[in-house]
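Owing to the predicted nature of the structure, the values given are computational and were not obtained by experimental measurement.
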Amino acid sequence: MPGRDYTAAEVDAAVQAISDPERLAHAQDVVAHLAPQLQRILAAALEEGGYFGNAHASELERLSTSGDPSELRVLVAEEARLGMLVGVAVGFELARELERSTPKET
C-alpha cells in the first residue's frame, strides 16, 4: 500500500485530535511499552547515520573541558532535535506498518 501526501490542514487536524488528553495518555502508554525497542531503533539510526562516531565523542570531550556551557547546550539541543526527527520518522513508518497489517472491515 503506497503512502499518500497529507495536506497541512489534515496534519493540523490530526495534531489537534491527538492533543486530546485521553488520546495522548493512550499514546504515552503505547510508547512507554515500546520504549526499549524504540530506543534500539533510534540508536541504530543514529549510528548508521554516523552521528555518534569518533568525531562526536571528540566534540563531547572538547566541549566538556572547554568551560563554555553554552556550546555544550547547543550540542545537546541539536541531539534532542535529531532524536525527535528520527522518532517522528519511526512513528510514521510504524503507523504505515500497522495500517498494512490491520485487517480491513468489509
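- Annotation: salt bridge (charged side-chain N to carboxylate O under 4.0 Å, His left out) contacts of Glu93 (sequence neighbours excluded): Arg96.
- The side-chain heavy atoms of Leu75 and Leu60, taken from C-beta on, include a pair separated by under 4.5 Å.
- Other residues, nucleotides and ligands contribute at most 12 non-hydrogen atoms within 6.0 Å of the CD atom of Gln16.
- By the criterion of side-chain heavy atoms lying less than 4.5 angstrom apart, applied directly or through intervening Ile, Leu, Val, Met, Phe, Trp or Tyr residues, Leu34 is grouped together with Ile41 in one hydrophobic cluster.
- The two residues Ala45 and Val86 make their nearest non-hydrogen contact at CB-CG1, 3.9 Å.
- For Arg73, the salt bridge (charged side-chain N to carboxylate O under 4.0 Å, His left out) test picks out no residue, with sequence neighbours left out.
- Residues passing the salt bridge (charged side-chain N to carboxylate O under 4.0 Å, His left out) test with Glu78: none are found, sequence neighbours excluded.
- Within a 6.0 Å radius of CD in Gln39, no more than 12 heavy atoms belonging to other residues, nucleotides or ligands are found.
- Applying the 6.0 Å contact sphere to CG of Asp29 captures more than 12 heavy atoms from other residues, nucleotides or ligands.
- Evaluation of the side-chain contact (heavy atoms from CB on, under 4.5 Å) rule for Val31 yields Leu38 as partners, not counting sequence neighbours.
- Looking at residues two or more places apart in sequence or on another chain, you find a side-chain contact (heavy atoms from CB on, under 4.5 Å) between Ile18 and Arg23.
- Side-chain atoms of Glu71 and Asp68, non-hydrogen and from C-beta on, do get closer than 4.5 Å to each other.
- Of the candidates Val88, Val90, Leu94, Val88 is the only one forming a side-chain contact (heavy atoms from CB on, under 4.5 Å) with Phe92.
- For Glu97, the salt bridge (charged side-chain N to carboxylate O under 4.0 Å, His left out) partners are Arg100, not counting sequence neighbours.
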